[in-house]
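As the structure is a prediction and not an experimental result, all values here were calculated from the model. Sequence positions, counted from 1, serve as the residue numbers for this chain.
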Amino acid sequence: TSASGQGHTVRLACIDPQGALVWTVDTGIDSAFLQRILPGKSSTALVGTRAPVPGKVSEPLVVLVDHGIGAVVTHSLWR
């Protein structure tokens, strides 16, 4: 997560075989509301919602993270 405790976002990182950090990305998904992690060969999809805002419904998201370069593509699940 982006920090310890509640109300923080899920982060992903890639580490090379020597243990060096290649990339790290913030998904924007609240760590308490991560619903699914769907790993694939070239990317990982995460499903969840943004951090809650008082008086509003949190936006549901699917976030795709490219394994090669750490590129993030975010799609809203609202219609």
Reported CG-to-CG distance for the pair L34 and L61, which is rounded to 0.5 angstrom: 11.0 Å
Which pairs, with at least one residue in residues 64-75 and sequence neighbours excluded, count as a salt bridge (Lys or Arg N to Asp or Glu O under 4.0 Å)? none
Where at least one partner belongs to residues 38-49, residue pairs that pass salt bridge (Lys or Arg N to Asp or Glu O under 4.0 Å), sequence neighbours excluded: none
Can you name the side-chain hydrogen bond (donor to acceptor under 3.5 Å, both in side chains) partners of H67, sequence neighbours left out? T44
side-chain hydrogen bond (donor to acceptor under 3.5 Å, both in side chains) involving E59 - partner list, sequence neighbours excluded: R50, S76
Are [X] and [Y] joined in one hydrophobic group, where the rule is that I, L, V, M, F, W and Y side chains link up if heavy atoms are under 4.5 Å apart?
| X | Y | answer |
| --- | --- | --- |
| V10 | V62 | no |
| L46 | I69 | no |
| V25 | V63 | yes |
| I29 | L12 | yes |

Around atom CD1 of I37, are there more than 12 heavy atoms from other residues, nucleotides or ligands closer than 6.0 Å? no
I'd like to know if the side chain of S31 and the backbone of T9 have a donor-acceptor N/O pair within less than 3.5 Å. no
Hydrophobic clusters join Ile, Leu, Val, Met, Phe, Trp and Tyr when side-chain heavy atoms are under 4.5 Å apart, directly or via other members; which others share one with L21? I15
Students should find that the hydrophobic cluster of W78, defined by side-chain heavy atoms under 4.5 Å apart, otherwise consists of V57
Nearest heavy-atom approach of S58 to T49 is CB-CB, 3.8 Å
Note, L77 side chain near V47 side chain (heavy atom, < 4.5 Å): yes
Test side-chain hydrogen bond (donor to acceptor under 3.5 Å, both in side chains) on R11 and T24 and set out the steps. CA-CA 7 Å; R11 296 182 63 136; T24 182; 3.2 Å; yes
